[in-house]
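Quick note on labels: first sequence line is chain A, next is B, and so on, each numbered from 1.
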There are 2 protein chains.
Amino acid sequence: MTDAPLFQRVTLIGLGLIGSSLARGIQQLGLAGELVATDASPEVRARAAEIKLADRIADDNASAVKASDLIISCVPVGRAGDVAQSIAPHLKPGAIISDVGSVKASVLAAMSEHLPDNVHFIPGHPVAGTENSGPDSGFAELFMNRWCILTPPDGADEAAVEKLSALWSALGANVEIMGVAHHDLVLAVTSHLPHLIAYTIVGTADELEDVTHSEVLKFSAGGFRDFTRIAASDPTMWRDVFLTNKDAVLEMLGAFQEDLSKLTRAIRRGDGETLFEHFTRTRAIRRGIVSIGQDEAAADFGRKHAALKKKDS
Amino acid sequence: MTDAPLFQRVTLIGLGLIGSSLARGIQQLGLAGELVATDASPEVRARAAEIKLADRIADDNASAVKASDLIISCVPVGRAGDVAQSIAPHLKPGAIISDVGSVKASVLAAMSEHLPDNVHFIPGHPVAGTENSGPDSGFAELFMNRWCILTPPDGADEAAVEKLSALWSALGANVEIMGVAHHDLVLAVTSHLPHLIAYTIVGTADELEDVTHSEVLKFSAGGFRDFTRIAASDPTMWRDVFLTNKDAVLEMLGAFQEDLSKLTRAIRRGDGETLFEHFTRTRAIRRGIVSIGQDEAAADFGRKHAALKKKDS
């Protein structure tokens, strides 16, 4: 006996890392009676058709959302308003509209403006990803054991929230409900500030006069290479994040600057005690993350090392 | 026929991550006729004896270096001078003395002061490591395909440099010769600054008023968790690095601060073009590091994901 799918028709708009991961997961588990997908780029649509990311690849947003029960916008947050505008006249009454953007207040405002009253708009954000982007980069397991935050507006339909939660749970995610403002503050520190810092330091290393580009690459295993992964993330997505979550990011930057000044002063003054105390405290946080299963316990992210061999003599 | 070992007797002083990795590699490849090791901590010495990290575990530095052909100090850089002082009267003439510290100018000064003229002092630094420390954390493959920088002083004996290079090459490392000042500048950007930034941001996240500790851990997969690995590194080692490479670190911090100001201003002004241009440039650097084999090509450092499964119905 086959279970009834969770939704009769699901539409994904945008087939980058998150959209194409959703597509693969939904197909693999049969969560949609029919999966429709589209993307603003003709090349991406062609590729999506080639690798069969959905039952049907639509040429535009309007035709993609027709008669759909769940529509998830997976575009950079700066384009959320445009997506809402393009789909608003074509939505089935009672449909659930969601998104996966890393910023929630601006998405809520930009999309609500256009969406009709007879649909359920429930913004969402799966806290998961890799540094890759595009329709080939997604994989069905991306959301396993990660958190997906939903930020339903006041008075949101509980049944709709439940149904959307069920989709994310089926994909392996833990669902958390949060207000948009708090989401944007939490993510500013756990995601946006780290990306900004990584983008900064990688740029700094690339522009030095006394250290060559080649030296930066060769000796990157001293720590720098870790930052380059994050700083290889999609430029459009991250530009939009910083432009739309400006206030929370600037607030976190202020806190970071204070702490950096404190440590800089300790270095300048040769205050080893302050440094040691700080470094001991941060060590514990890593253990906390590993213990709740949000990162691997293996040393060095489990990076592999070639086997050691005796040289031929 | 067995090859003659590279050195008759090798002594390792300090059995943390690097020392215990060297011990394992040297034993596995038979690079020393006899391997002697010691550590300032009685607990570490006892553990080292238990897990057989060397042919002999000596109780103190003086007895450990007796009749040794190669002595490698693997202690935090702040203790390099003390180690040199303790071994100086007991060294075999012609012995090679080296170290593995992340800072080279201060180590060269601190150790040279004590070492006699009839030994060859060649400071070294394998650019490799994990966030773990202690005698159980080492592994023989740690140096495979990583760089080991040697900083022989002017007039250093070429044969001694060759012999030390041969040891590192045997362990899988690529050897690079560099001056101490340049080493300290290069490592300030590829290792010391990234660690300082990571230690800072992890501390910042831990002290916020509006975001709970638990939220920081739960949503750390948004980027933050990457920083926690580096910020879990050995506090003593890193305190010493910042105290002994103060000038180069402060210089790199200055460059970083300028770039952070530039990006902060772009965010404040809503200047998406500057952000996009910067983020596109940094993306290329990741590709460079992966292409020269200094990091894995796999997305997200190859972190594993549990398989997606249909729920039992």
Side-chain angles (χ1 to χ4, degrees), chain A residues 3 127 130 132 140-141 144 146 185-186 189-191 194-195 199-200 202-205 210-211 215 217 219-226 228 230-232 235 238-239 242-243 246 255-256 259-260 267 272 275-276 278-280 282-283 285-286 288-289 292 294-295 299-301 305-306 308 313, chain B residues 3 127 130 132 140-141 144 146 185-186 189-191 194-195 199-200 202-205 210-211 215 217 219-226 228 230-232 235 238-239 242-243 246 255-256 259-260 267 272 275-276 278-280 282-283 285-286 288-289 292 294-295 299-301 305-306 308 313:
Chain A
D3 294 335
V127 184
T130 78
N132 296 334
E141 302 81 11
M144 286 296 293
R146 296 282 88 88
L185 201 62
V186 170
V189 65
T190 62
S191 178
H195 275 77
Y199 277 124
T200 303
V202 174
T204 302
D210 300 332
V211 178
E215 287 173 326
L217 302 187
F219 306 116
S220 61
F224 178 73
R225 64 177 174 173
D226 280 22
T228 64
I230 282 191
W238 283 97
R239 175 199 64 198
F242 294 117
L243 295 179
K246 183 192 291 198
F256 171 80
D259 294 339
L260 186 56
I267 292 174
L275 297 174
F276 185 82
H278 185 102
F279 300 167
T280 304
T282 55
R283 194 168 215 188
I285 294 170
R286 176 74 187 165
I289 288 175
I292 64 166
Q294 288 302 309
D295 209 346
D300 202 22
F301 298 129
H305 292 260
L308 193 60
S313 52
Chain B
D3 294 335
V127 184
T130 78
N132 296 335
E141 301 80 12
M144 286 296 294
R146 295 282 88 87
L185 201 61
V186 170
V189 64
T190 62
S191 178
H195 275 77
Y199 277 125
T200 303
V202 173
T204 302
D210 300 331
V211 178
E215 287 172 327
L217 302 187
F219 306 116
S220 62
F224 178 73
R225 63 177 174 172
D226 280 22
T228 63
I230 281 192
W238 283 97
R239 175 198 64 198
F242 294 117
L243 295 179
K246 182 193 293 200
F256 170 80
D259 294 339
L260 186 56
I267 293 173
L275 297 175
F276 184 82
H278 185 102
F279 299 168
T280 303
T282 55
R283 194 168 214 188
I285 295 171
R286 175 74 187 166
I289 288 175
I292 65 166
Q294 288 302 308
D295 210 347
D300 201 21
F301 299 129
H305 291 259
L308 194 60
S313 52

* **side chain to side chain donor-acceptor pair (under 3.5 Å) involving A/Thr204 - partner list, sequence neighbours excluded** => B/Asp259
* Asked: Between the main-chain N or O of B/Ala299 and the side-chain N or O of A/Thr130, is there a donor-acceptor pair closer than 3.5 Å?
  -> no
* Structure fact -> Heavy-atom nearest pair, B/Ala306 first then A/Met144, reads O-CG, 3.3 Å
* To do: Output the distance between atom OG1 (B/Thr200) and atom CZ (A/Phe256), rounded to the nearest 0.5 Å.
  => 5.5 Å
* Asked: Quick one: of B/Asp295, B/Val202, B/Leu243, who has the most non-hydrogen atom pairs under 4.5 Å with chain A?
  -> B/Asp295
* **Under 3.5 Å donor-acceptor, A/Arg225 side chain and B/Gln294 backbone** => yes
* Asked: Rounded to the nearest 0.5 Å, what separation is found between the CH2 atom of A/Trp238 and the OG1 atom of B/Thr280?
  -> 14.5 Å
* Structure fact -> Counting heavy-atom pairs under 4.5 angstrom with chain B, the leader among A/Leu185, A/Val186, A/Leu275 is A/Val186
* Might you point out which heavy atoms bring A/Ala232 and B/Arg286 nearest each other, and give the distance in Å? => CB-CB, 3.5 Å
* Nearest heavy-atom pair of A/Glu141 and B/Leu308: which atoms, and what distance? -> CG-N, 3.9 Å
* **Closest heavy-atom pair and its distance - B/Pro235, A/Arg283** => CD-NH1, 3.5 Å
* How close do A/Gly222 and B/Val127 get, heavy atom to heavy atom, and via which atoms? -> N-CG1, 3.5 Å
* Please state whether the side chain, the backbone, both or neither of A/Ile292 comes within less than 4.5 Å of a heavy atom of chain B. => side chain
* Does the side chain of B/Asp226 reach to within under 4.5 Å of the side chain of A/Asp226, using non-hydrogen atoms? -> no
* Between the side chain of A/His195 and the main-chain N/O of B/Gly223, is any donor-acceptor distance below 3.5 Å? -> no
* **Heavy-atom closest contact (B/Lys246 atom, A/Ile267 atom, distance)** => CE-O, 3.2 Å
* Structure fact -> Note: vs chain A, highest number of non-hydrogen pairs under 4.5 angstrom among B/Phe224, B/Phe276, B/Phe279 is B/Phe279
* Asked: With no hydrogens and no angle check, is any side-chain donor or acceptor of A/Thr282 less than 3.5 Å from a backbone partner on B/Ala231?
  -> yes
* Out of B/Val189, B/Leu260, B/Asn132, which one racks up the most heavy-atom pairs below 4.5 Å with chain A? -> B/Leu260
* Asked: Quick one: of B/Ser191, B/Pro194, B/Gly272, who has the most non-hydrogen atom pairs under 4.5 Å with chain A?
  -> B/Pro194
